[in-house]
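If you're wondering where the values come from, they're calculated on a predicted model, not measured in any experiment.
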Amino acid sequence: MGGERETRRTRLKWLLPLTGLLVQGPLAGRWDGVRLVHDALRYDVALSLPDTGAWIAATVATRWRLGGTAPLVLDLDSAMTVRRVTVRGAMVRWRRDGNRIVIPVAGAAGDTVTTEVSYDGRPRGGLVIRGRDEGRTIFADNWPDRARYWLASQDHPADKAAVAWRIEAPAGYGVVANGRLDGVDTLPGRRLSWRFSNDEPIPTYTMVAGMARFATTRLDPVGCEVRCVPVSVLSYPEDSALAMNGPFRRSREILEFFSRRIGPFPYGELRHIESSTMFGGMENSTAIFYDEKSIHAGRMTEETVAHETAHQWFGDAVTEADWHHIWLSEGFATYGAALWAEQVGGASGLGSAMAGNRASVLASPVTERPILDSTVTDRMKLLNTNSYEKGAWVLHSLRGLMGDEAFFRGLSRYFRTYVHGNALSSDFARIMAAEAGKDLDWYFRQALTQPGYPILETGTELDGGHLVLTIRETQPASWGWYRLPNLTIRLGTRTLTVDVSGPVTRLVTHWDGATAPETLVIDPDGWWLWKRSGER
C-alpha cells in the first residue's frame, strides 16, 4: 500500500467517530461490541493447500499501526495449531484466549510494527474443501466472521487492510485470490506457487483464496479511459459456455454501467468465479464467488451478477463500520441490481424489480422490526428482507424525494468520500442531506429506525363544488406514523400531490363533476413502499 493511500485511509478511520456525531442517535449506533485498538494495514499470507485431505499450513505477516499499548490480538480458531509467533522478526511469548492469539508488543500509538504467525490444522469452517481427484475444490467462504477459521486476522469489517497472497497448490489446478496475479512459480513435488496482490484495503470477510480446475474466459477490459480493468469468467470446464451465454453474458456491460453511474471501478481487476459457497453469490473483492449448485441447476440470474458487481463499490470499497448497518451493503447492492434492470429495461424494468422487492418485504415477518435493529446478535440473521429489499426501497424513495440529479450526485459523493474506508448510516444521511440541500434526518430516522411501512386507507366525498380526499394511516400503532411528502394521487384524469403526515390527512380540491372520480391511484409512479388497507 502506498503512503498516500495509507494516510487517506487512516484519516477516514479516525474521522469516523467525529462524522458520526453529526447525526446523533441510532443512525450512528455501534452495537457489535467490538473494540478495535490497533489498525491492521496489510496481510502477507503464505498458504499451502493440500493435494489430499484437508490439512492446511499458513504463515500470516501483518503490518500494524498501533493505537495504544494494549496487546495485539488476532482472531484464529483454536483448531489451528500455532507453531511460531514473531514481532519485528524476533520470537515472542504469546498466549491463547479462546479463538484469539494475544501478542504483547512494545510501542506507542502511531508506531508501525510487523507480526508473523505460523500455524497449521484442519479448518472447521470458512475454507470449504470438497471432492477428490479431478473434482477437488477448495474455496474460502468467510461471511460474516468465518475468516478466523483459517486466516489469522483482525476479523471485523471496520478494520480493512491490503492483502498479498502466496498460495502453494498442486499442479493441474487453477488458483484464485484477491487482486492481480503477479506470477506463478514452479516448486518441487509437482506443486506451484501463485502470487496475488491487492493494494487497496478490503474487509476480511472478502479476503479469499480458491482452488479448482477452471476454464477461464477473458473479456475485453473496462474503463480504459481511467484505468483498464481486466474482466474474466472462471468456471468449471463443463460450464465454460456461461462466459458468453447465460447470467454472465453482459457481465462486462454491468461493470461499465456502475463505473459510469457511481465512479471508477475501485480495484485493478474483476473475476466472476464458479465456486462452492453457501450463498447464491459472495461479493469477495475482485473475486466474486457464485454457487456451483445454482449454476448447475440453471437458477443463476443476471440479477445476481449485477447485485454482486454493485457490491464492489458498496460493501467492499465502502464498508459498513458495524454489522448492524449492513443495509449500506446489501440494500445498496439490491438497488444496484434494480438500477441495472432500469438500464436494460427502462422504467418498466425498474418498476418490475421494485415490485419484486416490495412483495418480499410485505411477505416477511422481519417487517415487524426496524432495519437498524440493535437487538440482533446472530449476524446471519441480519441477512434478511430489511437489509436487502427494504434497504433498496429506502434508496428508491430517497431518489424520489431528491430527484435523479441530486440523488446520483450524492451517491457518487458518498462513494468518493468513504472509498477504501468505513461508514455508518449517519455518514450516508449527512452526505445525501447536503446534496439535497434540505433536512432529511426525519426521513432516515423513519426509514431505518421504524418498523413496517405505511398502510393507507382512502376515501372521497363531494362537498359543494369541492372534492374531499381523506387518507388514513392504519398500520399497527407500534410501527408509528409515516411522512410521505409530495405523494402523488391520480383522481380520474387529474393528478395532485399531498403531504401525508400522521393518522389522518385531508386534501380539499375544486371539483366540477357531479360524482366522485371512478379511479383513485396512489403513488402511480411507485416511489414509496406502502400497502393499501385490506391488501393481502
Q) Have Tyr267 and Gln312 got a donor and an acceptor in their side chains that come within less than 3.5 Å? A) no

Q. Distance only, no hydrogens: is a donor on one side chain within 3.5 Å (strictly under) of an acceptor on the other, for Glu330 and His307?
A. yes

Q.
We want to know whether His272 and Ser232 form a side-chain donor-acceptor pair, criterion being a heavy-atom distance below 3.5 angstrom.
A. no

Q: Find out whether the Lys NZ or Arg CZ of Arg227 is both under 6.0 angstrom from the six-membered ring centre of Phe265 and within 45° of the ring's axis.
A: no

Q: Anything under 30° is parallel, anything over 60° is perpendicular, the rest tilted; go ahead and classify Trp527 against His396.
A: parallel

Q) Taking atom types as modelled, is there a side-chain donor on Ser197 or Asp182 under 3.5 Å from an acceptor on the other? A) yes

Q | Minimum heavy-atom distance between Leu529 and Ser397, given as atom pair plus value | A | N-OG, 4.0 Å

**Q.** Between Trp150 and Asn142: side-chain donor-acceptor atoms closer than 3.5 Å
**A.** yes

Q: Hey, can you tell me if Tyr418 and Tyr414 have their rings parallel, tilted or perpendicular (30° and 60° cut-offs)?
A: tilted

Q. Does the side chain to side chain donor-acceptor pair (under 3.5 Å) test come out yes or no for Asn422 and Thr319, once each step is laid out?
A. CA-CA 5 Å; Asn422 296 88; Thr319 307; 4.7 Å; no

Q.
Tell me if the aromatic rings of Phe332 and Trp327 count as close, with their centers under 6.0 Å from one another.
A. yes

Q | Test item: side-chain donor near acceptor, His156 and Asp145, under 3.5 Å | A | no

Q) So, do Trp143 and Phe289 have ring centers that fall under 6.0 Å from each other? A) no

Q) Of all heavy-atom pairs between Leu255 and Val231, which one has the smallest distance, and what is that distance? A) CD2-CG2, 3.5 Å

Q) Aromatic rings Tyr290 and Phe248: how do their planes relate, parallel, tilted or perpendicular, breaks at 30° and 60°? A) perpendicular

Q | Residue pair Ile273, Ile288: steps toward the side-chain contact (heavy atoms from CB on, under 4.5 Å) verdict | A | CA-CA 6 Å; Ile273 303 163; Ile288 302 173; over 6 Å; no

Q | Over-ring placement of Arg213 relative to Tyr173, 6.0 Å and 45° cut-offs | A | yes

Q.
Could you check whether Thr62 and Arg42, counting side-chain N and O atoms only, form a donor-acceptor pair closer than 3.5 Å?
A. no

Q. Are Ser285 and Asn178 close enough that a side-chain donor and a side-chain acceptor fall under 3.5 Å?
A. no

**Q.** Option passing side-chain contact (heavy atoms from CB on, under 4.5 Å) with Trp55 (candidates Asp120, Leu49, Ile129)
**A.** Asp120

Q. Which one of His324, Glu320, Arg430, His325 satisfies the side-chain contact (heavy atoms from CB on, under 4.5 Å) criterion with Ser425?
A. His325

